[in-house]
Amino acid sequence: MPVLYDKDKRIFTLNTKNSTYQMQADSFGYLLHLYYGRKTEGFIDWGYTLADRGFSGSPYDAGRDRTYSLDYLPQEFPAQGTGDFRSPLLVARDSSGTYGADLRYSGCEIQEGKYSLKGLPAVYANEGKEAETLIITLKNARLGLSVKLMYGVLPEKDIITRSVTVRNDGTGTITLEKLGSSCLDFTHGRFDLITFHGRHAMERQFDRQELHHGSHVIGSRRGMSSHQYNPFVILADHDATETSGRCWAMQFVYSGGFEAEAELAQYGQTRVNMGMSQEKFSFPLEPGEEITAPEVIMTFSSQGLERISHNLHACIRENICRGKFKNAPRPVVLNSWEAFMMDFDGKKILDTARLAKSLGVEMFVLDDGWFMNRNDDYRALGDWTADTSKLGCSLGGLVRDINAMGLKFGLWVEPEMISEDSNLYREHSDWAMMIPGEKPVLGRSQLVLDMSRREVIEYVYSSVSSILDSGNIEYLKWDYNRSISEVYSQGTYGGKVLYEYMLGLYEVLERLSTNYPDVLIEGCAGGGGRFDAGMLYYTPQIWCSDNTDAVDRLYIHYGTSFGYPASTIGAHVSICPNQQTGRITPLKTRYASAVSGAFGYELNPFLMSDEKIREISEQIAYYRRDRELISCGKYYRLNNPNDGNYCAWEYVSEDGANVLINAVVILNHGNMPPVYVTPRGLTPGTLYRDDETGKIYPADALMDSGLPLEAPKGDYESCIFRLRRL
Ligand code: DGJ
């Protein structure tokens, strides 16, 4: 059984295929965390020691027993004000300004299926039996505060999820100054924290640091999950590798600001918390009101980082992404952005689309610059009316012409934004998030619409739906190009705005995906500024970065791959010198680096030589052949590009029969020693044939001693191996 409850000991056990999670409501009613690790039988209620520890106080009910202290004990939902001075998940204040909420166990409930969260994205079960839910209620009598901890268990996926609803059942206002979603407490251990930092055009760079005393905190104060830190962390045994050692992951299903904190405390305990950003959060709950914190997906592996990624990839692909595209092959696109920026007209678009079609492209995506007054990025956001004189016809007419070529049509939008130079701003300047009396910070010369307001939600929904109604638009690229700096709303209390903003955005996306189920929405925030499991619930793919340089992308994809499957990664081949880095790389390498589950081109094909055009059409044919393997296969990182002069990775089909290995040698050197890549996941005891060379390889030898790469003749050369099991 995935969820077990022992009434006598009040022990809760969550079991997945390979892991066990355990907690206990102890004799004082505190909910202690007992265990999260390798699958096991029995009760692990012997994993901590009680001792009289100076300056670690005891609850009053412990009487003269000074050995019991929450300052040491591992907990499930640590609240401030209980004598635990580590970082809490909950900070609550009553109307007199007094802090503290001593939460005690009040009851539990086990339900079939996976809980869902009203207005928030969350893991879902595909059928009732795929998941079970445990709900534990904690209460504080003085405040009348009720805390519902929700645990979702997907045993076959090795996934456990957590969320929490806090409700005011009392008579006065209770203000939450912090509300985290999940906590993982360990009494001992030597751990590394793995995080993914970055910046615009260089997102999700792998970082691994040993924990030392104190807190290691990452997060975003930007109202978006951000380019700077991804809302995803892994705690790993200090000696854990790709294939060995214990690792625990926490992935936040939320696209707003967040905070992840790993704390090594005085007695050697480690606590990892994940939740919404505490800054600019202050949430008053009136009697009868409640708030739900976003979900965290957790997974454990005793076999290293690779297993963590496999578990998360399967969960995101099958239990986060929804709709008809979740498992559908994504079209090969040609996107107009790096080809023309905003400098185009209808003829250019149609000529390009025609040539793209002849190469095998399946969808033409018209990026920014298609609507009235939008010939630069200083204006017009908010006024979603097509520029018919620039396009030479109506938007619907353009879509028809492109469809007539046998191509699908996709369109760029940035609906959460408003330019000062727009009719929308002239009519509704108060819809922009600005603090009255202060000059706002401009980001890309634009302001953010206040998505916490009902009228704004309705405007955004109706503008996007009327665009979709104007023609057979089968794809939307949903962009978002600045951070939120002014947290002010005419209708919403300041400390609630950022949370309500996200609910507003999620409502619009939910309505659009329900009412336009045939439209594939790609998320984007200046590339990968909102690459998170929250967005993936509505947009099954996300433009991974504004950086299309083949070499930089190796590092971006490497970092992204820890938490997110290839099917969600938008990546395109662009021209050289690359627009972001000026680097010149072979076209083959640009393909090898970009080939992901949401693949395409972002270039003007008329600038390519005949030879390159032929190469592109061959690449598209290869991609179409391998697309399913790439999107649904198991992904293996064959090395860490930060530790060497090459990057290699591999896709293996679920049945092990088909294998694709891509490798890029970064710099060439004089008389360079050969580079070997060692594949994993092949079927032992079988033979594999290389499609191109006809060579036959024994699987065991390949997985043991590796495959030598051809000596490069220049920098940035790549090798692609397509192996088939005989
Ligand atoms: C930022 C995106 O990431 C780009 O791909 C492009 O769509 C531009 N915005 C358009 O303004």
Side-chain angles (χ1 to χ4, degrees), residues 119 221-225 255-257 280-283 368-374 376-387 411-470 476-512 515 521 523-526 529-530 534-535 538:
R221 304 183 171 99
R222 296 166 179 269
M224 60 194 289
S225 50
S255 318
K280 293 172 271 190
F281 177 87
S282 173
F283 207 97
D368 199 354
W370 58 269
F371 48 104
M372 292 291 282
N373 296 324
R374 187 68 174 174
D376 58 42
D377 60 12
Y378 291 96
R379 66 203 85 244
L381 292 172
D383 300 346
W384 298 104
T385 312
D387 185 342
L411 193 66
W412 177 94
V413 286
E414 193 179 359
E416 297 158 74
M417 296 291 161
I418 178 167
S419 306
E420 272 183 292
D421 183 1
S422 68
N423 294 332
L424 185 65
Y425 186 85
R426 285 181 275 276
E427 277 167 40
H428 295 289
S429 60
D430 61 303
W431 287 9
M433 287 172 88
M434 297 186 291
I435 300 171
E438 302 270 3
K439 294 274 178 239
V441 170
L442 296 173
R444 206 193 190 195
S445 304
Q446 63 199 47
L447 297 164
V448 187
L449 278 172
D450 178 1
M451 295 290 290
S452 71
R453 277 173 72 171
R454 176 53 41 197
E455 52 276 52
V456 176
I457 293 174
E458 294 308 326
Y459 178 79
V460 169
Y461 176 79
S462 69
S463 349
V464 178
S465 66
S466 55
I467 294 169
L468 289 174
D469 292 340
S470 66
L476 272 187
K477 177 176 175 187
W478 186 290
D479 207 349
Y480 177 94
N481 280 302
R482 62 160 294 176
S483 314
I484 299 178
S485 44
E486 282 76 23
V487 180
Y488 173 82
S489 165
Q490 253 192 18
T492 313
Y493 176 73
K496 287 179 155 186
V497 172
L498 290 175
Y499 175 77
E500 302 277 351
Y501 181 102
M502 291 316 304
L503 294 187
L505 169 64
Y506 289 149
E507 180 188 323
V508 171
L509 289 169
E510 181 66 35
R511 280 163 69 184
L512 287 168
N515 297 337
I521 309 181
C524 175
R530 248 185 350 198
M535 285 309 283
Y538 308 95

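None of the values given here were measured: they were computed from a predicted structure.
No side-chain donor-acceptor contact under 3.5 Å links Ser429 to the backbone of Arg426. The backbone N or O of Ala525 lies less than 3.5 Å from no partner atom in the side chain of Asn481, so there is not a single donor-acceptor pair. Using a distance-only test at 3.5 Å, with no hydrogens or angles considered, no donor-acceptor pair links the side chain of Lys477 to the main chain of Cys524. Side-chain atoms of Asp383 do not come within 3.5 Å of backbone N or O of Ser422 as any donor-acceptor pair. With hydrogens and angles disregarded, a donor-acceptor distance shorter than 3.5 Å links the side chain of Glu486 to the backbone of Val441.
Of all the heavy atoms in Tyr538 and Ile521, the pair that sits closest is O-CB, 4.4 Å. Shortest non-hydrogen contact noted between Tyr493 and Ser282 is CE2-O, 3.3 Å.
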TODO: Tell me, with the steps shown, if Met372 and Asn423 meet side chain to side chain contact (heavy atoms under 4.5 Å, CB included).
DONE: CA-CA 11 Å; Met372 292 291 282; Asn423 294 332; over 6 Å; no
Might you work through the side chain to side chain contact (heavy atoms under 4.5 Å, CB included) test for Val508 and Glu510, ending with a clear yes or no? CA-CA 5 Å; Val508 171; Glu510 181 66 35; over 6 Å; no
Item to complete: Check step by step if side chain to side chain contact (heavy atoms under 4.5 Å, CB included) holds for Met535 and Leu509.
Response: CA-CA 9 Å; Met535 285 309 283; Leu509 289 169; 3.9 Å; yes
(request) Kindly indicate, with the supporting measurements, whether the criterion side chain to side chain contact (heavy atoms under 4.5 Å, CB included) is fulfilled by Glu420 and Leu442. (result) CA-CA 10 Å; Glu420 272 183 292; Leu442 296 173; 3.9 Å; yes
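Ion pairing between Glu500 and Arg454 fails under the 4.0 Å rule for side-chain N and carboxylate O. Comment: Arg374 does not engage Asp387 in a salt bridge, judged by the lack of any side-chain N to carboxylate O separation of less than 4.0 angstrom.
Distance CE/Met433 to CD1/Ile435: 9.5 Å, rounded to 0.5 Å. Taking CD1 of Ile418 as the start and CH2 of Trp431 as the end, the distance is 8.0 Å to the nearest 0.5 Å. For the atom pair Trp478 CH2 and Leu411 CG, the distance stands at 12.0 Å (nearest 0.5 Å). Atom CG of Asp450 is separated from atom CD1 of Ile457 by 9.0 Å, given to the nearest 0.5 angstrom.
Contact check for Arg482 versus Val448: side-chain heavy atoms found under the 4.5 Å cut-off.
Listed by first then second residue, pairs satisfying side chain to side chain donor-acceptor pair (under 3.5 Å) with a partner in residues 437-446 read Asp377-Arg444, Glu414-Gln446, not counting sequence neighbours.
The aromatic rings of Trp384 and Trp412 are tilted relative to each other, their planes meeting at an angle between 30° and 60°.
Using modelled atom types, one finds a donor on one side chain and an acceptor on the other under 3.5 Å when comparing Ser255 with Tyr506. At a cut-off of 3.5 Å, with distance as the only test, no side-chain donor of Glu507 or Tyr461 sits close to an acceptor on the other residue.
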